[in-house]
Trainee: 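Sending over a structure as structure tokens; questions will come in a sec.
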Amino acid sequence: MTPGTREHVIQGERVALPVRIRDAAVASAMFAVPAAPARALIAYSGLDVAEPYPGRAICSLACVRYADGDLGPYHEFAVAFLVRPPGSGPPGHPPGGGVLRGLGALRGAGGLQGVGAFIHWLPVNQEFTLEAGRSIWGFPKELTDIPMDLAGRTKRCAVRFGGRTAIELSVAPGLPVPSGRAAPEVTAYACLDGVTRRIPWTLEASGVRMRPGGARVTLGDHRVADELREIGLDRARALSGATVAHLAMTFGGAEEVGP
């Protein structure tokens, strides 16, 4: 992985940046968890969690079915945390009103003001995207089975290793949300082999539905499931659930984040 590289060779195929995803479907949920254990969990990255409400951090779970893109079709499950930019100083807390109002205060036009998404875990079910994700961006991808059903009213997915369930997510249907005019820009962060990287990421969604709550997570037998128990995810109620029928994305080149 060399900064500034615009083309990579993955399993004999050339992959040019930015990588484009032309169509994907998503089911996701956000949970408020205690900030202190979440901060300790991602300390290896050198990043710090954002606190939309004092003492609370945001853990996001998402299952994604990639139908058409530069990395081919595959399934993916993401565990992510909202984080503050490196070097941004002590966390500031938006005015009172609870976690949801705090999240609203963090939102700016076209994205989250000064807040990024740190990808803590990113299992996938295809080898090509595994190698591409790790070598191009340093995403913490690992290969496993990710059965999902995003066609029914309630969207369901699971992550399984050797037939044993690590985590399951279900998201109930929500109400339609008007599509935005511009593709929001999000900063993604990832840490692999002790190196933290920043990845520019744009999204353009249609067929979005959201609702308060409406999501359920079940933790199984896996080290990441144990980590999520330690931060209280098994006891947390979902803040919101969302589904996206069609999502287009681009991923730019990774940049190392200094100490």
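Computed from heavy atoms alone, side chains included, the values below leave out hydrogens, waters and symmetry copies. Predicted model, so just to flag it, every value in this text is computed and none were measured.
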Trainee: Kindly determine whether Arg156 and Glu168 satisfy side chain to side chain contact (heavy atoms under 4.5 Å, CB included), including the steps that lead there.
Mentor: CA-CA 8 Å; Arg156 307 177 190 278; Glu168 292 181 342; over 6 Å; no

Trainee: Can you label the angle between the Tyr44 ring and the His120 ring as parallel, tilted or perpendicular, going by 30° and 60°?
Mentor: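 If you compare the ring of Tyr44 with that of His120, the planes turn out tilted.
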
Trainee: For Ser206 and Val244, work out which heavy atoms get closest and say how close.
Mentor: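 Distance-wise, the nearest heavy atoms are O-CG1, 3.7 Å.
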
Trainee: Output all residues satisfying ring-ring contact (aromatic ring centres under 6.0 Å, His included) with Phe128, sequence neighbours left out; order by chain, then residue number.
Mentor: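 Checked Phe128 against ring-ring contact (aromatic ring centres under 6.0 Å, His included); zero matches.
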
Trainee: Quick one, Leu247 and Asp23 - any side-chain contact, counting heavy atoms below 4.5 Å?
Mentor: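 Side-chain contact under 4.5 Å: no.
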
Trainee: Can you tell if the side chain of Leu228 reaches within under 4.5 Å of the side chain of Ile167, non-hydrogen atoms only?
Mentor: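 Side-chain contact under 4.5 Å: yes.
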
Trainee: Val186 pairs by side chain to side chain contact (heavy atoms under 4.5 Å, CB included) with which of Ile199, Thr202, Leu203?
Mentor: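 Among the candidates, only Leu203 passes.
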
Trainee: State whether the side chain of Asp145 and the backbone N or O of Arg160 hold a donor-acceptor pair below 3.5 Å, judged by distance alone.
Mentor: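 Between the backbone of Arg160 and the side chain of Asp145 there is no qualifying donor-acceptor contact (under 3.5 Å).
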
Trainee: When rounded to the nearest 0.5 angstrom, what is the spacing between CG in Asp221 and CZ in Arg164?
Mentor: 4.0 Å

Trainee: Between Arg22 and Glu204, is the closest basic N to carboxylate O distance under 4.0 Å?
Mentor: no

Trainee: Could I get the full list of ring-ring contact (aromatic ring centres under 6.0 Å, His included) partners for His75, not counting sequence neighbours?
Mentor: none

Trainee: Just how far is it from atom CD of Glu76 to atom CD1 of Ile119, taken to the nearest 0.5 Å?
Mentor: 8.0 Å

Trainee: Are any of the side-chain nitrogens in Arg134 or Glu142 under 4.0 Å away from the carboxylate oxygens of its partner?
Mentor: no

Trainee: Roughly how far, to the nearest 0.5 Å, is CZ of Arg198 from CD of Glu256?
Mentor: 11.0 Å

Trainee: Assess the residue pair Glu127 and Lys141 against the criterion (salt bridge (Lys or Arg N to Asp or Glu O under 4.0 Å)); give the C-alpha distance rounded to whole Å, side-chain angles, the decisive distance to 0.1 Å, and a yes or no.
Mentor: CA-CA 10 Å; Glu127 293 186 355; Lys141 293 190 175 185; over 6 Å; no

Trainee: Test side chain to side chain contact (heavy atoms under 4.5 Å, CB included) on Ile58 and Leu239 and set out the steps.
Mentor: CA-CA 9 Å; Ile58 301 298; Leu239 294 173; 3.6 Å; yes

Trainee: Could you check if a side-chain atom of Val15 sits within less than 4.5 angstrom of a side-chain atom of Leu71, using non-hydrogen atoms only?
Mentor: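 In short, these two side chains touch, coming nearer than 4.5 Å.
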
Trainee: Between Asp149 and Lys155, is there a salt bridge with N-O shorter than 4.0 Å?
Mentor: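 Salt bridge absent between Lys155 and Asp149.
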
Trainee: Let me confirm one number: the CD-CD distance from Glu131 to Glu13, rounded to the nearest 0.5 Å.
Mentor: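 If I round to the nearest 0.5 Å, the distance is 10.5 Å.
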
Trainee: When the ring centroid of Trp137 is compared with that of His8, is the distance short of 6.0 Å?
Mentor: no

Trainee: Counting C-beta onward and ignoring hydrogens, is there a side-chain heavy-atom pair between Met148 and Arg65 closer than 4.5 Å?
Mentor: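 In contact.
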
Trainee: Quick one: does Phe31's side chain get under 4.5 Å of Arg237's, heavy atoms only?
Mentor: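 In short, these two side chains do not touch, never coming nearer than 4.5 Å.
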
Trainee: Locate the shortest heavy-atom distance separating Thr154 from Pro173; write the atom from each residue and the value.
Mentor: OG1-CD, 3.9 Å

Trainee: Would you say Arg211's side chain and Gly174's backbone share a donor-acceptor pair under 3.5 angstrom?
Mentor: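 Not at all, since once roles are kept as given, no pair shorter than 3.5 Å links the two residues.
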
Trainee: Between Arg229 and Gly220, is there a donor-acceptor pair closer than 3.5 Å when you use the side chain of the first and the backbone of the second?
Mentor: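 Looks like yes, one N/O pair under 3.5 Å.
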
Trainee: What verdict does the side chain to side chain contact (heavy atoms under 4.5 Å, CB included) test give for Leu82 and Phe118, after you've listed the backbone C-alpha separation in whole Å, the side-chain angles of each residue and the deciding distance to 0.1 Å?
Mentor: CA-CA 6 Å; Leu82 292 187; Phe118 174 68; over 6 Å; no

Trainee: Specify the closest pair of heavy atoms between Ala50 and Val115, including all atoms of both residues, with the distance to one decimal.
Mentor: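 Residues Ala50 and Val115, closest heavy atoms: CB-CG1, 4.3 Å.
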
Trainee: Does a side-chain N-to-carboxylate-O contact under 4.0 Å join Arg84 and Asp48?
Mentor: yes

Trainee: Mind checking ring-ring contact (aromatic ring centres under 6.0 Å, His included) for Tyr189 and listing every partner two or more places apart, or none if nothing turns up?
Mentor: none

Trainee: Might you point out which heavy atoms bring Pro18 and Thr250 nearest each other, and give the distance in Å?
Mentor: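 Smallest heavy-atom distance, with atoms named: CB-CB, 4.4 Å.
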
Trainee: In the structure I gave you, are the side-chain heavy atoms of Leu143 and Phe161 within less than 4.5 Å of one another anywhere?
Mentor: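 No, too far: nothing below the 4.5 Å cut-off.
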
Trainee: Tell me if a side-chain donor or acceptor on Ser45 pairs with a main-chain N or O of Leu47 at a distance below 3.5 Å.
Mentor: yes

Trainee: Side chain to side chain contact (heavy atoms under 4.5 Å, CB included) for Ser28 and Leu61? Distances and angles first, verdict last.
Mentor: CA-CA 6 Å; Ser28 65; Leu61 306 179; over 6 Å; no

Trainee: Is there a side-chain contact between Phe81 and Cys59 in this structure, where contact means two heavy atoms from C-beta onward sitting under 4.5 Å apart?
Mentor: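 SC-SC contact between Phe81 and Cys59 confirmed.
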
Trainee: Check this for me, if you would: do Glu230 and Arg235 make a salt bridge, where the nitrogen-to-carboxylate-oxygen distance has to be below 4.0 angstrom?
Mentor: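 Here Glu230 does not pair with Arg235 in a salt bridge, since their nearest N and O are not under 4.0 Å apart.
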
Trainee: Just verifying a value: how many Å separate Cys157 SG and Leu169 CG, rounded to the nearest 0.5 Å?
Mentor: 5.0 Å

Trainee: So, taking the atom named CZ in Arg197 and the one named CD in Glu255, what distance separates them when rounded to the nearest 0.5 Å?
Mentor: 11.5 Å

Trainee: Could you tell me which non-hydrogen atom of Met210 sits nearest to which non-hydrogen atom of Ala242, and how far apart they are?
Mentor: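 Scanning both residues, the minimum pair turns out to be CG-CB, 3.8 Å.
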
Trainee: Any heavy-atom pair between the side chains of Thr243 and Val26 that's under 4.5 Å?
Mentor: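 No, their side chains stay 4.5 Å or more apart.
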
Trainee: How close do Ala25 and Ala245 get, counting heavy atoms only, and between which atoms?
Mentor: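 Ala25 and Ala245 have their closest heavy atoms at CB-O, 3.8 Å.
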
Trainee: Would you call Arg223 and Asp226 a salt bridge, taking side-chain N to carboxylate O under 4.0 Å as the test?
Mentor: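 The answer is no: the pair does not qualify as a salt bridge.
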
Trainee: What do you reckon, are the aromatic ring centroids of Tyr66 and Tyr74 less than 6.0 Å apart?
Mentor: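 Ring-ring flag for Tyr66/Tyr74: true, centres closer than 6.0 Å.
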
